Participant: 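Can you keep this structure in mind? I'll have questions shortly.
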Amino acid sequence: MRGRGRSLLTTVALAVVLLALAGYVLQGTINTTRATGMQSDALTVDMKFTEARIAVAMQEVNLRHYQVEPSVAVRKRFDQIAAEAERNLADIAGSSGAQTRQDAQRLLAGQVAYRELAEQLIAKVADSDPDFMSFDRLQVTPAFYALQNDVDEVSRAYHDYAQQQVTALGKRQGRLLAGTALGFGVGLTLVAMIMRMVLGYQRRLVAQAADSRHRALHDPLTGLPNRALFQRDLHQALEGGPAALMIIDLDGFKAVNDTIGHHAGDQVLVEAGRRLAAHVQAPGVVARLGGDEFAVLLPRVSGLAEATTLADRLVAELNRDFTAGGRPAAISGSLGVALSPASGPGDADELFRHSDAAMYRAKRHGGGVAVYDPGTDADQQDDRMQLFADLRLLLETGDPDGCLRLHYQPQVRLSDGLVTGVEALVRWQHPARGTVMPATLLPVAERGGLDAALTYHLLALAAREAADRLAGGWRCRVSFNVSPGALDDDGFAETVLATIGAAGLPPELLRLELPETGIMADSGTAVDMLRRISSSGVTVSIDDFGTGLSSLLQLRDVPADELKIDRIFLGDLTPGTPDEVMVRSSIDLGHNLGLEVVAEGVEDTATLVHLREISCDYAQGFVLARPVPPDELPAACRAAEATAAEVLGYAASSPAL
């Protein structure tokens with residue numbers, strides 16, 4: 001009886017201890033859950049203030065970018081970032097804490113005020129208002145720094161508060177573990193289970209916090225630091241001494257996305273990031289800024305020689321062949337390098353602008369490496385802005401003085417040496433700069449979103465001049481180049497047909513030259529538009545064939561009438577060379593698909609003769625005639641036919657000329 005009583009007493013004591021332990025654990029869990037919720041709320045507010053802080057800073061970057069390059073794309077990025085900053089602040093203003101709401105509402109008011117000033121500045125820049133610099137200095141810049149200082153102070157305060165909550169949670173968990181340990185002598189197995197559960201819960205919290213922080217500061221596709229983390233690293237690097245910044249843009253990436261698919265494009269981005277990171281040693285940083293743009297930071301760089309040596313290696317890596325979606329992808333890189341001042345901390349935004357300007361210069365010269373030059377790059381930025389403003393005004397007013405003109409280059413049929421068509425090529429007679437060639441004009445139009453308007457303006461001009469030649473008794477087809485931007489217009493087909501109808505030009509006398517990448521970019525939409533155009537009698541040429549990564553399946557579905565072999569394949573047509581094999585194969589492919597084949601950029605008689613020998617249908621180039629104004633075109637055509645007759649052994653020129 002005594003033993004049974006002790007057993008009962010022990011059982012009761014054990015039950016009491018277990019109940020007490022259970023109550024203690026339950027209460028501790030409740031307190032921990034409450035503390036976890038407070039921590040989560042604090043971290044959320046901290047994250048939103050941090051995002052707002054970053055967005056405020058990026059507004060200024062894009063505003064300064066717009067002053068350098070006032071394009072639709074830059075304005076759109078500014079609006080998106082400003083909206084993101086206001087959305088984050090508005091979300092915080094709806095939280096439960098009175099102080100939090102008050103801080104968020106104050107910052108939101110400052111953000112709205114700054115954005116209104118910024119939009120006024122954008123309008124002044126867009127209108128070429130000479131007072132925009134004064135307005136920027138006296139109103140926009142002070143408003144930005146006031147807002148930036150305020151959001152920095154608030155963000156730091158809430159970050160500190162979030163850290164306090166993390167510390168408090170740790171202390172509560174420590175007390176819970178200590179109390180749980182007291183029950184080990186009575187219920188070892190039960191306590192062990194509770195310990196495992198608590199420790200597992202703690203590890204999950206820590207892992208989730210680390211994962212959230214990593215995802216907030218790294219690009220999800222490549223795993224590289226994102227723009228926010230790179231900006232932080234750049235500011236820290238500039239405080240520690242001279243640094244080099246490289247901005248890298250992938251050339252040819254859009255063609256990969258358009259022709260192989262976005263999944264293949266993602267593969268290229270991942271591989272490009274891997275190649276860059278493999279050549280940049282710590283403390284250097286490689287980041288993906290967005291799209292196909294990367295950045296490299298070299299803190300404490302010894303000088304320009306070190307930076308350019310690495311830049312050359314990086315570009316060489318990007319120029320090596322990529323494989324995406326099981327297919328080769330022709331990608332290269334344009335890299336701009338800028339160094340911070342040797343004395344004193346540099347300005348991060350200014351360093352970004354300098355390296356970005358150098359990168360664009362490298363891109364204009366066909367890729368490679370360019371080092372920022374204060375005279376060249378600053379002047380070119382101003383030059384692009386002025387050219388864009390002049391072109392926009394010219395298109396808005398309808399070019400009353402006829403500054404946008406067309407020159408024409410004859411196309412000779414190699415079977416009989418006769419000129420059967422001409423290609424229209426734009427020239428801009430600028431009142432201050434003289435003749436602006438397409439290599440300068442077209443990039444300005446494309447970056448500013450004016451390429452579609454320019455295409456339609458020049459198409460109307462080409463149609464009128466072709467109709468005039470027809471009225472004079474000369475029936476000659478005109479080939480007209482279409483920009484990729486015009487192909488994105490849903491009303492492209494209708495506009496083309498309405499334009500030639502208004503000019504009185506028969507549809508069969510117009511041939512549209514569309515870039516291979518533009519046709520393949522959205523094959524379904526493009527093919528539908530081309531079918532509507534082809535059904536009217538207008539013919540279609542696939543320009544720059546061989547440079548756009550199109551597949552035979554896509555090529556089969558395009559309602560084209562002609563392939564135009566790009567000049568880059570005409571460098572060496574000696575039998576058996578890679579160029580000759582490519583050209584011969586393209587001609588055979590075109591003929592097997594029922595298409596005519598034109599070789600452009602023919603510059604010597606040997607190439608002209610060999611093109612006829614391998615059954616190319618048409619040729620154009622300097623060996624026959626250069627592009628000339630409309631009034632010189634008949635003479636240029638006669639000269640082209642005379643050259644063809646002499647080189648190829650044909651009879652005299654066409655009587656129509």
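Just so it is clear, the structure is predicted and the values come from calculations on it, not from any experiment.
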Participant: Who passes side chain to side chain donor-acceptor pair (under 3.5 Å) against Gln105, sequence neighbours left out?
Facilitator: none
Participant: For the atom pair CG (Asp349) and NE2 (His235), what is the distance rounded to the nearest 0.5 Å?
Facilitator: 6.0 Å
Participant: Using modelled atom types only, decide if a donor and an acceptor are shared between the side chain of Gln102 and the backbone of Ala98 within a distance under 3.5 Å.
Facilitator: no
Participant: Take atom CD of Gln236 as the centre, draw a 6.0 Å sphere, and report whether it contains more than 12 heavy atoms from other residues, nucleotides or ligands.
Facilitator: yes
Participant: So, do Ile54 and Gln231 sit near enough that their side-chain heavy atoms are less than 4.5 Å apart?
Facilitator: no
Participant: side-chain hydrogen bond (donor to acceptor under 3.5 Å, both in side chains): which pairs involve residues 310-319, sequence neighbours left out?
Facilitator: Glu317-Arg320
Participant: side-chain hydrogen bond (donor to acceptor under 3.5 Å, both in side chains): which pairs involve residues 285-300, sequence neighbours left out?
Facilitator: Asp219-Arg288
Participant: Please examine the side chains of Leu224 and His218, heavy atoms only from C-beta on, and report whether any two atoms are closer than 4.5 Å.
Facilitator: no
Participant: So which atom in Pro299 and which in Ala237 form the shortest heavy-atom distance, rounded to 0.1 Å?
Facilitator: CB-CB, 3.9 Å
Participant: Consider only side-chain N and O atoms of Asp136 and Thr141, and report whether a donor and an acceptor are under 3.5 Å apart.
Facilitator: yes
Participant: Do Tyr360 and Asp356 come close enough that some side-chain heavy atom pair is under 4.5 Å?
Facilitator: yes
Participant: State, with a plain yes or no, whether a side-chain heavy atom of Leu450 is found less than 4.5 Å away from one of Val444.
Facilitator: no
Participant: Would a distance-only check, ignoring hydrogens and angles, find a side-chain to backbone donor-acceptor pair under 3.5 Å from Ser483 to Ala486?
Facilitator: yes
Participant: Working to the nearest 0.5 angstrom, can you tell me the gap between Ile331 CD1 and Thr323 OG1?
Facilitator: 11.5 Å
Participant: Salt bridge (Lys or Arg N to Asp or Glu O under 4.0 Å), that's the test. Do Arg274 and Glu271 meet it? Break it down for me.
Facilitator: CA-CA 5 Å; Arg274 187 195 65 77; Glu271 174 63 14; 2.6 Å; yes
Participant: Indicate yes or no: at least one non-hydrogen side-chain atom of Met246 is less than 4.5 angstrom from one of Leu310.
Facilitator: yes
Participant: What's the verdict on side chain to side chain contact (heavy atoms under 4.5 Å, CB included) for Val256 and Gln267, showing C-alpha distance, side-chain angles and the deciding distance?
Facilitator: CA-CA 10 Å; Val256 175; Gln267 292 178 348; over 6 Å; no
Participant: Is there side-chain contact between Arg275 and Phe322, with at least one heavy-atom pair below 4.5 Å?
Facilitator: yes
Participant: Indicate every side-chain donor-acceptor pair of residues 116-125 with a distance under 3.5 Å to a residue at least two apart or in another chain.
Facilitator:
| from | atom 1 | to | atom 2 | distance (Å) |
| --- | --- | --- | --- | --- |
| Glu119 | OE2 | Arg115 | NE | 3.2 |
| Lys124 | NZ | Asp129 | OD2 | 3.3 |

Participant: What is the distance from atom CG of Asp347 to atom CZ of Arg353, rounded to the nearest 0.5 Å?
Facilitator: 6.5 Å
Participant: Would you compute the distance between atom CG of Leu107 and atom CD of Gln148 and round it to the nearest 0.5 angstrom?
Facilitator: 12.0 Å
Participant: Could you tell me which non-hydrogen atom of Gly333 sits nearest to which non-hydrogen atom of Leu318, and how far apart they are?
Facilitator: CA-CD1, 4.1 Å
Participant: Any chance the side chains of Gln386 and Asp390 put a donor and an acceptor closer than 3.5 Å?
Facilitator: yes
Participant: Ile247 and Phe352: which non-hydrogen atoms are nearest, and at how many Å?
Facilitator: CD1-CE2, 3.7 Å
Participant: Backbone N or O of Met58 within a donor-acceptor pair of the Asn62 side chain at under 3.5 Å?
Facilitator: yes
Participant: Specify the closest pair of heavy atoms between Val286 and Pro225, including all atoms of both residues, with the distance to one decimal.
Facilitator: O-CD, 3.0 Å
Participant: Within 45° of the ring axis of Tyr372 and under 6.0 Å from its six-membered ring centre, is that where the NZ or CZ of Arg361 lies?
Facilitator: no
Participant: May I have the step-by-step check of side chain to side chain contact (heavy atoms under 4.5 Å, CB included) for Asn88 and Glu84, ending in yes or no?
Facilitator: CA-CA 6 Å; Asn88 286 334; Glu84 179 183 355; 3.9 Å; yes
Participant: Return the minimal non-hydrogen interatomic distance between Pro142 and Arg137, and the atom names on each side.
Facilitator: CD-O, 3.2 Å
Participant: OG/Ser334 to NE2/His365 distance, rounded to the nearest 0.5 angstrom?
Facilitator: 11.0 Å
Participant: Please assess Leu234 against Val285 for the test side chain to side chain contact (heavy atoms under 4.5 Å, CB included), listing each intermediate value before the final yes or no.
Facilitator: CA-CA 9 Å; Leu234 177 59; Val285 179; over 6 Å; no
Participant: Test of understanding: with ring-ring contact (aromatic ring centres under 6.0 Å, His included), list the residues that count as partners of His430, not counting sequence neighbours.
Facilitator: Trp428
Participant: Could you tell me if the side chain of Gln111 sits less than 4.5 Å from the side chain of Leu147, heavy atoms only?
Facilitator: yes
Participant: Assess the residue pair Val296 and Leu314 against the criterion (side chain to side chain contact (heavy atoms under 4.5 Å, CB included)); give the C-alpha distance rounded to whole Å, side-chain angles, the decisive distance to 0.1 Å, and a yes or no.
Facilitator: CA-CA 10 Å; Val296 174; Leu314 296 180; 4.0 Å; yes
Participant: Can you see whether Gln67 engages Arg64 through a side-chain donor-acceptor pair at a distance of less than 3.5 angstrom?
Facilitator: yes
Participant: Say whether, by atom type as modelled, one donor and one acceptor occur between the side chain of Ser355 and the main chain of Gly336 under 3.5 angstrom.
Facilitator: no
Participant: Of all heavy-atom pairs between Gly368 and Ala362, which one has the smallest distance, and what is that distance?
Facilitator: O-CB, 3.6 Å
Participant: How many angstroms lie between atom CG of Leu245 and atom CG of Leu339, to the nearest 0.5 angstrom?
Facilitator: 9.5 Å
Participant: Distance only, no hydrogens: is a donor on one side chain within 3.5 Å (strictly under) of an acceptor on the other, for Asp103 and Gln99?
Facilitator: yes
Participant: Got Asp251 and Ser332 here, is their nearest side-chain heavy-atom distance under 4.5 Å?
Facilitator: yes
Participant: How would you list all residue pairs meeting ring-ring contact (aromatic ring centres under 6.0 Å, His included) that involve residues 133-155, not counting sequence neighbours?
Facilitator: Tyr114-Phe144
